[in-house]
Protein chains: 2
Amino acid sequence: MEAAVAATPIAIPLRTTIMPRARAMLRDVSRNQVLCSICPVRDKCLSFGLDAATAKKVDEIVTTRIRLRKGDTLYRPGASFTALYAIRSGSLKTVLLAEDGRDQVAGYHMPGDLLGLDGIGNEVHECQAIALEDSEVCALPFDRIERTARDFAAFQHNVHKALSQEIARQRSLMLLLGTMRADQRLAAFLLDLSQRYQARGYSSSEFILRMTREEIGSYLGLKLETVSRLLSRLQQEGLIQVQGRVVKLLERAALKQLVGQSN
Amino acid sequence: MEAAVAATPIAIPLRTTIMPRARAMLRDVSRNQVLCSICPVRDKCLSFGLDAATAKKVDEIVTTRIRLRKGDTLYRPGASFTALYAIRSGSLKTVLLAEDGRDQVAGYHMPGDLLGLDGIGNEVHECQAIALEDSEVCALPFDRIERTARDFAAFQHNVHKALSQEIARQRSLMLLLGTMRADQRLAAFLLDLSQRYQARGYSSSEFILRMTREEIGSYLGLKLETVSRLLSRLQQEGLIQVQGRVVKLLERAALKQLVGQSN
DNA sequence: CGACTAGTTGAGGCCAGTCAATGTTGGTGG
DNA sequence: CCACCAACATTGACTGGCCTCAACTAGTCG
C-alpha cells in the first residue's frame, strides 16, 4: 500500500552502527579503475573545466566506486558524513525524514549529480539516499576534497558552485511548493526532468519515470491520486502522452505556459 | 494594498547598471573600524571558532560595512555576485522572483546570518535581499573568501558549513511547504523564530515580528488572511498571545505537538 | 494461480483561497 | 497636537481545489 519511502517511516536510529544495507557500501569494485578523466559524466561533475594537471589530482580523490541495486540505501539520516557521492550511472532519490514520521522526497538525482552536500554542516547526513534502479556512484572523501580545494582554486570554485547549485535547485522547488497549483507543479516537474535528460544527451521529449506516483506526489507536495489524475488530464488535453511510466511531452510550449500562469 | 514584496513584482532587468537604491551600497561608513574580532555576532559568523591568527586574516576580508534603511535593497536578481554579506544588526528578507511575476519570500535573516550564498554558482544573484528595518551588513568579497579559505583549513570548513547549513535550512522549509497544514506551518515558523532569537541572546518567548502578515504568508505558502486567522485562533486556544506584531509564546509544548502531528 | 504492488477513477468532504467590508496603526503635514 | 491618509490587519461568507476513502484494474513474481 505504501511505497518504499514509507517502508521505514519512523525512528531512524542515529549513528547506526551496522546498517541493514551496509554491505552495499562495502563492495569496493574496482579501486584502480576509478578515473574521473574517463568518466562518461565528468563534465557534469566536480572535474568540470579543469586543466589536465588539476584533473589528475581530482582523479586521486575518488577512492571507491559503489554499486547499488534498486532499493539499496547509500546513506541514511544520522550516518556520519565522510564523503560526497557523484552519480556515475542510474538514479537515486533523497528522502527527508522528520522525527514525527513525516517524510518527503527531496530530490531525484541522475548521473553527474552530487549527493550528500547537506551533511557537511553537522558531519552527519540529514536525509536518506535510495537507489531507484541499479546504479553506480563514486565516493569522494570530503577531507580529500577540502585538501585538494586548498591547492587548486579552479577546483575549489567547482566545489562552491556545486554547493550553490544545490541551493538554487532547492529554491526553485520551494517556489514550486509555495506558489503553484497541483497541475503547474506536475508540468514544472516534467519540464525539469526533460531539461535534465537533455543536458545528459537523452531524449528531452520522451523518457521513463523512475519514481512511482506516490514518490512524485511526495516530491511535489501532492497525493498519489492527484498525480495520477493530473497525468490523465494532461494526456486528455493533449499536452502529454502517458503509458505507465513512459512519458512523452507533446506540447512543450503549452506546458510552459501552464507553469507560467501566475494565477 | 500590496506589501513591499509586490511593489516591484515583475520584469527585473538583468544586470541593472545603476540600481535605484544603489546609493545605499555606496555609504562606506567606517572602513577602518570593521573588525570581526570585536563584532557582536562573530561567533555566529564565518569567524566562528578560529584561532587568533586566522581570525585576524578573516578580519582582512571584510572591506566594507553597509548601512541599510528599512526597505533598502542590498542586491537584486541579476546583480553580479561579488560578495557575501554578513548581517551585523537589523534583519532582512530574501525574495524569490520568477519570470512570470510569481514571487515568494524565501527567508528571514537576522544578525550573524550570511546572505548571498545562492549567487556563487552563476556569478549572479538569484533573489532580492531587502532590509526589514534599519540594518548593517558586512560585505565579504568572495574572491577574498576563496583566497583565505585556501590558506586556512579551519576557515575553509566554516565556509562549507555555512553553505551546507543554508541547504539544511531550505530543506526543512521544503518539508514544511510540502507536508504541513497551515496551522502547523505557522506554529513551526513561530518556534523557529523563537529558537533563533534565543540563540542570539534575545527572549525566546516574546518577540516582534518584523514581517507583515503578507510576507509571513508568502514565506509559508499561505495567504495573509489565513495567517491572520490562524494567529487569532492560536491566541484563542491559549497557545500564543498576539498584539499586532508583538508575539508571546505561551504554550511552547503545545505548539511543538501541533507541528509534530503527522496527520 | 493467488498475493501483492502500482495505478486509475469516482464520490464526497474539508481546508485554505477569494472577495469584501471594516477596524487598527503609524507616519506626515497643517 | 491632532486630523488625515495609507498601509496593515481582522473577520465573515462563500467557493473550489485537493485530500480522503473506496472500488476496481493491470502487471509482476514466487
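Just so it is clear, the structure is predicted and the values come from calculations on it, not from any experiment. Just so we're on the same page: letters track the sequence lines, and every chain starts at 1.
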Review point. For the base of D/dC21, is there a side-chain donor-acceptor partner from A/Glu225 under 3.5 Å away?
Key: yes
Check your understanding: Heavy atoms under 4.0 Å, any strand shown: does B/Leu231 hit a base, just sugar-phosphate, or nothing?
Key -> nothing
Practice item. Please state whether the phosphate of D/dC19, meaning OP1 or OP2, lies under 4.0 angstrom from any side-chain nitrogen or oxygen of A/Thr226. Key: yes
**Study point:** Note: B/Arg171-A/Glu126 ion pair, threshold 4.0 Å (strictly below)
**Key:** no
Check your understanding: Atom CE of A/Met180 and atom P of C/dG17: how far apart are they, to the nearest Å?
Key -> 16 Å
Practice item. Measure from CD on A/Gln236 to P on C/dT8 and round the result to the nearest Å. Key: 13 Å
Review point. OP1 or OP2 of D/dA9 less than 4.0 angstrom from a side-chain nitrogen or oxygen of B/Gln243, does that happen here?
Key: no
Exercise for review: Would you indicate, yes or no, if D/dT11 has its OP1 or OP2 atom less than 4.0 angstrom from a side-chain nitrogen or oxygen of B/Ser228?
Suggested key: no
Exercise for review: Report yes if a donor N or O on one partner sits less than 3.5 Å from an acceptor N or O on the other, where the partners are the side chain of A/Arg229 and the base of C/dG7; otherwise report no.
Suggested key: no
Review point. For the side chain of A/Arg245 and the base of C/dG7, is some donor closer than 3.5 Å to an acceptor across the two?
Key: no
**Study point:** Interatomic distance where CG belongs to B/Leu209 and P belongs to D/dT10 [whole Å]
**Key:** 10 Å
Review point. Is a salt bridge present between B/Arg229 and B/Glu225, judged by a nitrogen-to-oxygen distance below 4.0 Å?
Key: no
Check your understanding: Rounding to a whole Å, what distance do you find between A/Leu224:CG and C/dT8:P?
Key -> 9 Å
Check your understanding: Given the rule in the side-chain hydrogen bond (donor to acceptor under 3.5 Å, both in side chains) test, do B/Ser135 and B/Arg67 qualify, once you have shown the distances and angles that lead to the verdict?
Key -> CA-CA 6 Å; B/Ser135 306; B/Arg67 273 180 214 280; over 6 Å; no
Check your understanding: When you look at OH of B/Tyr197, are more than 12 heavy atoms from neighbouring residues, nucleotides or ligands closer to it than 6.0 Å?
Key -> yes
Exercise for review: Rounded off to whole Å, could you give me the NZ-to-P distance for the B/Lys70 and C/dG26 pair?
Suggested key: 10 Å
Revision key, fill the gap. A/Lys223 atom NZ is separated from D/dC18 atom P, nearest whole Å, by 14 Å
Practice item. Evaluate the side-chain hydrogen bond (donor to acceptor under 3.5 Å, both in side chains) criterion for residues A/Gln104 and B/Thr179: first the C-alpha distance (whole Å), next the side-chain angles of each, then the deciding distance (0.1 Å), finally the verdict. Key: CA-CA 7 Å; A/Gln104 183 177 14; B/Thr179 71; 5.2 Å; no
Review point. Across the strands shown, which category fits B/Gly221 at heavy-atom distances under 4.0 angstrom: base, sugar-phosphate, nothing?
Key: sugar-phosphate
**Study point:** Phosphate OP1/OP2 of D/dA9: any B/Arg213 side-chain N/O under 4.0 Å
**Key:** yes
Practice item. Would you mind reading off the distance between B/Leu177 atom CG and C/dA16 atom P, rounded to a whole angstrom? Key: 13 Å
Review point. To the nearest Å, how far apart are B/Arg181 CZ and C/dG13 P?
Key: 20 Å
